[in-house]
Amino acid sequence: MGITDMQEAFYYRECAAAHENSPLGLHYAMFLPTINKQATPEQKKKWLPLAENYKMIGTYAQTELGHGTFIRGLETTATYDPKTKEFILDSPTLTSKKYWPGCLGKTSNHCVVMAQLYTQGKSHGPHMFMVQIRSMEDHSVLPGIEVGVIGNKFGYGTNDNGFLSFDKLRIPRENMLMRYSQVGRIPRENMLMRYSQVSRIPRENMLMRYSQVHEDGTYVKPQNAKLAYGSMVLIRSSIVSDAARGLAQACVISIRYSAVRRQTEAYPGGEEPQILDYQTQQYRLFPLLASAYSLQLAGKYVFNTYLEVNDQIEKGNLESMPELHALSAGLKAFSTYEASAGIEVCRICCGGHGYSQASGLPKIYVDVVPGCTYEGENTVMMLQTARYLMKCYSRAKQGQKLPGFVQYIGQNLNKKSCMSEEVALGCLVMAYEHRAARLVEAAAMRMQSLIQGGKKQHEAWNGSSVQLFWAAKAHCHLFCVKNFVDAIQAKSLSSKTVTVMKSVCQLYGVHGILENLGEFMQDGFFSGEQVGYLQRKMLALFENIRPNAVALVDAFDYPDMVLGSCLGRYDGQVYQALYDYAKSAPMNQTEIHSTYYKHLKPLINPETTSDAMQFAKL
């Protein structure tokens with residue numbers, strides 16, 4: 001169809017099968033981007049035409065039975081043989097088997113494999129290799145490879161998550177992805193290996209754009225290890241957008257349904273009000289609506305910034321990558337945590353009907369919740385962000401200027417809040433900056449205290465990890481608030497839009513403070529009177545948002561076929577849709593179900609059944 005924009009292509013596929021994870025999903029999301037970013041020009045020329053025309057269908061195999069987020073602990077090995085100019089891939093232990101990669105079990109005929117590189121008797125850490133696992137003629141599994149599906153999961157029923165192991169499989173040297181490191185001349189993080197002969201993979205199959213393995217086995221590492229961050233930032237930015245979209249769709253369903261559903265007369269003999277008019281329903285749903293908008297803006301920012309930074313990387317400028325890498329890791333965790341919890345609240349707000357598949361909410365939930373663990377378990381992601389924040393804090397204490405968004409670190413913590421009854425956006429941002437700066441400093445002081453007390457660096461890190469997590473979470477929360485405020489203050493919005501969205505933005509900021517009040521009050525930053533301002537403002541914002549609530553979810557523009565929900569229908573015909581859904585159930589297609597004859601009839605009439613059985617024996 002000529003769709004070239006990644007996001008537009010996703011929306012098109014979503015309309016075809018909403019919340020059904022595509023068996024080709026990782027081919028689009030990981031396989032093609034990895035070749036684009038990690039392969040040499042020669043490798044791209046060889047593989048991209050095949051992959052883009054679905055001759056090569058690929059996935060990304062990193063996670064193993066025994067290791068996931070800890071990449072350095074991966075056990076799959078790729079040992080270079082200079083005599084044959086090949087790598088030997090092997091799964092030496094049970095826990096080294098690749099386990100969980102999507103699209104692997106039955107769909108893909110190639111995969112990018114992350115394996116520990118060994119050459120000249122030395123280990124050079126994890127690298128990527130292009131490996132053919134099935135025939136491109138009849139899809140049969142190639143010798144030296146064991147591959148299959150892992151079985152049923154919590155969700156993702158349409159995706160063949162699989163297992164994969166190698167038995168001394170040889171691949172060409174050229175199959176190592178070598179844009180950044182080389183065995184012979186190609187980067188460490190970028191090794192991928194292309195297929196060659198059955199069960200043999202030459203040296204050329206290592207993706208070699210930046211690292212290389214020379215023919216004699218000499219390893220050439222990348223100029224900068226951060227060069228491999230690009231693909232991770234891209235996938236994590238897409239996870240933020242995925243989480244935002246799932247939460248937004250859950251809000252569409254629950255808020256539309258709350259405008260249709262009526263419950264309990266407000267006074268004796270009075271009309272039952274819409275449940276969306278109850279303040280307690282607004283308290284549960286409107287902050288989630290604000291979160292959905294905030295997370296969508298955050299995902300858009302990270303993706304657009306990635307595109308800008310990627311252009312800089314191509315020119316050799318890596319200055320912005322560490323900050324973006326840390327932000328994308330933290331936001332991946334922050335957004336998936338918030339969306340997963342929020343979707344469950346939306347389900348509860350729909351009462352008993354929310355538990356039905358007809359609501360559309362169960363599919364959304366199981367589509368979003370695995371984001372908390374894939375592409376980096378969330379706690380580990382937060383601690384990656386915290387590690388960057390600790391470096392920034394150290395630099396700030398040394399008087400160095402910090403880049404961009406992290407300039408709040410090291411600020412004067414003696415300042416008090418400027419909050420007034422107006423609840424200005426600037427005062428909200430200041431509050432979140434203060435909270436984040438204080439928690440970053442507290443985590444740094446905790447680590448310093450433990451080290452001075454005789455703890456080793458890794459022991460001090462573990463002993464401070466809860467506070468480090470708090471600091472990273474506060475950092476991400478600050479970003480979402482500030483980014484939302486910046487979007488509201490953009491000149492491109494009309495005055496009417498600004499009025500409505502300012503209320504949504506204020507609610508996001510105010511509710512976040514009240515839900516984490518201890519972290520804002522611990523050092524006396526807020527007074528009790530100012531907390532009262534915030535509480536009253538939140539309730540007033542509920543009243544401001546209520547007339548526009550349905551319009552605000554309609555603005556997400558998700559068609560009914562994407563929502564897949566009887567409760568969230570655009571036309572509001574909820575009850576007819578539920579009744580039609582029930583009537584179409586397979587068990588309703590016969591008046592008497594087969595289970596009656598097998599189970600119920602013997603229970604109801606045991607004597608008759610016993611006589612029939614005796615007769616059958618005769």
Side-chain angles (χ1 to χ4, degrees), residues 247 251 254-255 258 264 266 273-295 297 334 337-338 341-342 344-346 348-349 408 413-439 470 473-485 487-489 498-549 552-553:
L247 180 57
C251 286
S254 56
I255 288 176
S258 296
T264 311
Q274 298 163 295
I275 60 174
L276 195 57
D277 288 333
Y278 287 107
Q279 191 180 71
T280 50
Q281 189 79 340
Q282 297 169 5
Y283 175 66
R284 292 189 292 176
L285 289 179
F286 289 177
L288 294 177
L289 173 62
S291 293
Y293 271 99
S294 177
L295 293 179
L297 291 169
F334 185 82
Y337 275 143
E338 192 156 335
E344 172 64 1
V345 172
C346 288
I348 293 170
C349 285
Y408 71 88
L413 295 178
N414 293 321
K415 291 183 179 179
K416 302 301 180 183
S417 173
C418 61
M419 194 65 67
S420 65
E421 288 187 280
E422 179 189 354
V423 185
L425 295 177
C427 291
L428 286 173
V429 173
M430 177 184 175
Y432 279 88
E433 286 183 338
H434 179 89
R435 170 213 190 189
R438 186 182 65 78
L439 290 176
W470 293 343
K473 181 181 177 182
H475 173 78
C476 296
H477 206 169
L478 164 61
F479 172 81
C480 288
V481 170
K482 190 174 187 305
N483 186 60
F484 201 164
V485 170
I488 296 304
Q489 294 176 340
V498 169
T499 299
V500 174
M501 293 308 299
K502 181 180 178 182
S503 294
V504 177
C505 182
Q506 283 180 309
L507 178 59
Y508 182 71
V510 170
H511 182 264
I513 292 174
L514 294 176
E515 288 295 295
N516 301 277
L517 195 54
E519 293 181 349
F520 289 90
M521 291 194 70
Q522 186 171 343
D523 63 346
F525 179 73
F526 278 130
S527 67
E529 183 180 21
Q530 288 173 320
V531 173
Y533 295 156
L534 294 168
Q535 291 172 333
R536 290 190 293 274
K537 184 66 175 179
M538 182 179 70
L539 301 180
L541 288 169
F542 292 160
E543 293 183 8
N544 291 344
I545 292 172
R546 171 60 184 95
N548 296 305
L552 282 164
V553 296

Exam field: side chain Asn516 to backbone Gly512, donor-acceptor pair closer than 3.5 Å: yes
Aromatic ring proximity, centroids under 6.0 angstrom, Phe520 and Tyr432: yes
Reference residue Lys537; test side-chain contact (heavy atoms from CB on, under 4.5 Å); the match among Gln506, Glu421, Glu422: Gln506
Where is the tightest heavy-atom contact between Gln274 and Ser258, given as atom of each residue plus distance? CB-O, 3.8 Å
Nearest heavy-atom neighbours spanning Leu247 and Ser291: CD2-CB, 3.9 Å
In the structure I gave you, are the side-chain heavy atoms of Tyr293 and Tyr508 within less than 4.5 Å of one another anywhere? no
Give me the atom names and distance for the closest heavy-atom approach of Phe484 to Ala290. CE1-O, 3.8 Å
For a quick check under 3.5 Å, do His511 and Tyr283 share a side-chain donor-acceptor pair by atom type? no
Residue of the set Leu425, Val429, Leu428 for which side-chain contact (heavy atoms from CB on, under 4.5 Å) holds with Lys482: Val429
Close side-chain approach of Ile348 and Arg284, heavy atoms under 4.5 Å: yes
Atom pair CG (Asp523) and CG (Leu413), whose distance is rounded to the nearest 0.5 Å: 7.0 Å
For Gly342 versus Leu288, what's the shortest heavy-atom pair and its separation? O-CD1, 3.4 Å
When you measure from the SG of Cys427 to the SG of Cys418, is the result less than 2.5 Å? yes
Distance col, row Arg546:CZ vs Phe286:CZ, nearest 0.5 angstrom, shows 6.0 Å
Can you tell if the side chain of Val481 reaches within under 4.5 Å of the side chain of Ser294, non-hydrogen atoms only? no
If you round to the nearest 0.5 Å, how far is CD1 of Ile545 from CG of Leu552? 7.0 Å
Can you tell me how far apart CG (Leu534) and CG (Leu539) are? Round to the nearest 0.5 Å. 11.0 Å
Nearest heavy atoms of Pro273 and Ala266, plus distance in Å: CD-N, 3.9 Å
Would you call Cys346 and Leu285 a side-chain contact if the rule is heavy atoms closer than 4.5 Å? yes
Non-hydrogen side-chain atoms of Lys416 and His434 separated by less than 4.5 Å: no
Yes or no on side chain to side chain donor-acceptor pair (under 3.5 Å) for Glu529 and Tyr533, after CA distance, side-chain angles and deciding distance? CA-CA 7 Å; Glu529 183 180 21; Tyr533 295 156; 3.0 Å; yes
Output the distance between atom CE (Met430) and atom CE (Met419), rounded to the nearest 0.5 Å. 9.0 Å
Interatomic spacing from CG in Asn548 to CG in Leu289 - rounded to 0.5 Å: 10.5 Å
